[in-house]
Amino acid sequence: MLKGKSINIKKICCIGAGYVGGPTMAVMAHKCSNLEFTVLDINEDKINKWNNNDLDQLPIFEPGLKEIIKSVRGKNLFFSTEINKVISESDMIFISVNTPTKIKGFGAGYAIDLKWVETSARRVAKYASNHTIVVEKSTLPVKTAEVIKEILKCESDKIITSKKSFSVLSNPEFLSEGTAINDLIDPDRVLIGGEDELSINCLKNIYKIWVDESKILTTNLWSSELSKLTANAFLAQRISSINSISAICEATGAQIKQVSEAIGYDSRIGDKFLAAGPGFGGSCFKKDILNLVYLANFYGLNEVADYWEQVIKLNNWQIKRISKFVVEKLFGTVSLKKIVILGFAFKANTNDTRESPAISIVKDLLENGAQVVIHDPKVNYLQIKKDLNTDNEHKIYTPDFGSWQFSRDIYKSLKNADAAIIITEWPEYRNLNWEKISQLMRNPAWLFDTRAITDPEEIQKTNLNYWSIGNG
Ligand code: UDX
Ligand code: ADP
């Protein structure tokens with residue numbers, strides 16, 4: 001229908017002002033000063049935070065984000081809750097809303113809940129005017145674009161005289177939290193899936209402003225959607241693989257860092273994503289693999305489903321084995337013992353706690369009666385409270401269920417502690433004065449380093465008992 005015509009893009013909006021929508025639009029606005037970008041959200045509080053003059057109040061922490069927001073906000077980047085109005089004025093609309101795993105109904109535990117995507121598509125269908133390019137940006141199951149297209153088509157069919165028309169593109173996000181700004185400015189590749197060449201070129205022309213054309217790949221819609229799931233599944237698989245080997249190292253006396261280095265030198269394997277840890281977290285890996293498992297089962301590919309599900313099972317096992325190990329080393333009981341958690345975010349340089357291994361480890365310790373003190377440089381108390389889903393902070397503990405407190409002071413929190421567990425690889429934890437800390441802690445006290453970021457030689461100078469992941 002649009003063949004031969006050109007589409008003039010001036011206004012772009014993004015539905016969803018989260019970890020993906022916010023930084024993505026900020027970088028686009030920064031790179032494309034002739035285009036106007038608006039990030040939309042139903043959550044008024046979140047939009048107020050994005051608009052806050054105090055840039056330390058932005059709803060997400062991401063290195064370099066503050067600076068970019070400062071340079072473009074109010075110029076060609078806006079944050080708003082006026083969703084219908086902005087949709088009606090936009091030529092291109094990114095959908096970047098929540099896509100969690102379903103917790104009930106058919107496909108519960110595996111399939112993605114498309115409720116938020118569907119609501120957004122319905123709004124776009126209702127309020128868009130003229131020709132609109134709709135870009136799916138969230139991680140979505142294969143064939144979601146079909147659902148969006150169907151919804152958009154129904155609406156435009158309703159009004160026979162309407163000039164409304166839509167093109168749907170898939171443009172998966174590969175940014176990694178903590179390095180999101182750099183990933184957006186200098187991506188390994190940009191993937192655009194679609195059927196309508198004119199619309200694909202429109203989006204391609206925007207990326208071409210700052211991304212080398214050779215890095216912009218175009219595919220059909222389903223390949224694009226499946227590539228996103230596959231990329232995350234492969235990355236997660238690498239982590240489960242190295243984590244499985246970390247356990248073998250501990251049992252045999254090998255050292256995981258040496259093994260990672262040795263295999264990483266093989267150019268076919270490569271040296272990235274080989275750091276053993278407490279298990280992968282984050283909003284994507286688990287969700288995407290579960291989705292892949294669901295997809296495989298749906299198509300009767302049960303062996304394929306089982307293969308990928310094992311990546312998740314190994315991850316769950318890795319998280320669990322840490323809390324079990326801690327309890328075991330503390331003479332089989334943590335009841336009434338003070339245990340300090342260093343890091344609650346799922347990785348360093350983000351305040352995101354989604355699927356963080358810390359959540360499950362702390363819950364296990366609480367169930368075993370520990371007095372937990374949680375430190376994190378960026379995650380706030382309310383988020384932790386939400387994640388632990390308990391209001392027992394400061395409650396007088398009973399031996400059968402522990403208590404937790406939040407602290408921003410590492411040294412203070414470690415006073416009289418029986419154990420410290422490093423869960424997130426924050427730079428702050430790399431150069432702590434363990435000599436001084438060991439004097440503050442109880443004797444005997446333990447340091448459990450699930451990220452292997454501490455120097456064993458340094459720790460050996462102290463009187464701390466020490467365990468570092470994969471260090472046999
Ligand atoms: C991931 C993908 O990397 C990104 O491309 C996609 O768009 C979204 O999902 P993210 O979840 O932000 O990004 O973080 P990532 O750096 O991939 O880390 C995921 C988890 O794996 C973290 O818990 C991290 O600590 C863990 N990890 C990563 C390891 O345990 N070892 C490693 O070597 C690398
Ligand atoms: P991601 O990591 O994929 O960016 P987030 O949970 O950080 O996910 O962000 C998704 C955002 O989408 C949330 O801020 C949520 O309020 C917003 N959202 C969900 N549904 C809608 C909707 N129908 N219209 C506008 N915003 C929405």
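Both counts, for ligands and for their atoms, begin at 1 and track the order of listing. All values below were derived from every heavy atom in this structure, side-chain atoms included, with hydrogens, water molecules and symmetry-related copies excluded. The chain is numbered in sequence order, starting from 1. The structure displayed is predicted, hence computed values, not measured ones.
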Counting only nitrogen or oxygen atoms and a 3.5 angstrom limit, does [X] reach ligand 1?
X      : result
Ala276 : no
Cys284 : no
Glu177 : yes
Ala275 : yes

Please tabulate, line by line, the atom pairs linking an N/O of ligand 2 to a protein N/O at a distance below 3.5 Å, with the distance in Å to 0.1, or answer 'none'.
unit_1   : atom_1 : unit_2 : atom_2 : d
ligand 2 : 2 (O)  : Arg354 : NH1    : 3.2
ligand 2 : 2 (O)  : Arg354 : NH2    : 2.9
ligand 2 : 4 (O)  : Tyr19  : N      : 3.1
ligand 2 : 4 (O)  : Val20  : N      : 2.8
ligand 2 : 7 (O)  : Tyr19  : N      : 3.1
ligand 2 : 8 (O)  : Arg354 : NH1    : 3.4
ligand 2 : 12 (O) : Asn98  : OD1    : 3.2
ligand 2 : 14 (O) : Asp41  : OD1    : 3.4
ligand 2 : 14 (O) : Asp41  : OD2    : 2.6
ligand 2 : 14 (O) : Lys46  : NZ     : 2.7
ligand 2 : 16 (O) : Asp41  : OD1    : 2.6
ligand 2 : 26 (N) : Ile42  : N      : 3.4

Nearest non-hydrogen contact with atom 4 (C) of ligand 1 belongs to which option: Val20, Leu175, Leu235?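 It is Leu175 that holds the nearest heavy atom.
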Check each of Phe280, Phe285, Phe273, Phe174 against atom 19 (C) of ligand 1 and report the one with the nearest heavy atom.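 Checking each option, the heavy atom nearest atom 19 (C) of ligand 1 is found in Phe285.
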Is there a side-chain contact between Glu225 and Glu136, using heavy atoms and a 4.5 Å cut-off?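 Yes, at least one pair of side-chain atoms sits under 4.5 Å.
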Charged N-O contact under 4.0 Å between [X] and [Y]:
X      : Y      : answer
Asp387 : Arg354 : no
Lys204 : Glu213 : yes
Glu367 : Lys363 : no
Lys215 : Asp186 : yes

Glu328/Lys324 under salt bridge (charged side-chain N to carboxylate O under 4.0 Å, His left out): CA gap, chis, key distance, verdict: CA-CA 6 Å; Glu328 191 187 302; Lys324 272 192 185 155; over 6 Å; no
Verify whether the ring centers belonging to His375 and Phe344 lie closer than 6.0 Å.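 Centroid separation for His375 and Phe344: 6.0 Å or greater.
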Taking the six-membered ring for Trp, is the centroid-to-centroid distance between Tyr466 and Trp446 below 6.0 Å?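 Not close enough - the centres of the two rings lie 6.0 Å or further apart.
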Test item: Ser224 side-chain N/O and Asn220 main-chain N/O as donor-acceptor pair under 3.5 Å: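 Side chain of Ser224 to backbone of Asn220, a donor-acceptor pair under 3.5 Å: no, none is there.
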Does Ser199 reach the main-chain N or O of Ser167 with its side chain, forming a donor-acceptor pair under 3.5 Å?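 No: the side chain of Ser199 does not pair with the backbone of Ser167.
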Mark the output for Lys228 as yes if a heavy-atom distance to ligand 1 is under 4.0 Å, and as no if none is.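 Within the 4.0 Å threshold, so yes.
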Heavy-atom gap Arg451 to ligand 1 smaller than 4.0 Å: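 Distance cut 4.0 Å: Arg451 passes for ligand 1.
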Give me the one residue out of Thr230, Asn232, Thr101, Thr99 that meets side chain to side chain donor-acceptor pair (under 3.5 Å) with Asp288.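 The single option meeting the side chain to side chain donor-acceptor pair (under 3.5 Å) with Asp288 is Asn232.
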Closest protein heavy atom (residue, atom, distance) for [atom]:
atom                    : value
atom 11 (O) of ligand 1 : Phe346 CE1, 3.5 Å
atom 2 (C) of ligand 1  : Asn232 OD1, 3.5 Å
atom 26 (C) of ligand 1 : Ile239 CD1, 3.8 Å

Would you mind listing which atoms of ligand 1 come within a distance below 4.0 Å of any non-hydrogen atom of Glu173?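 That gives atoms 7 (O) of ligand 1.
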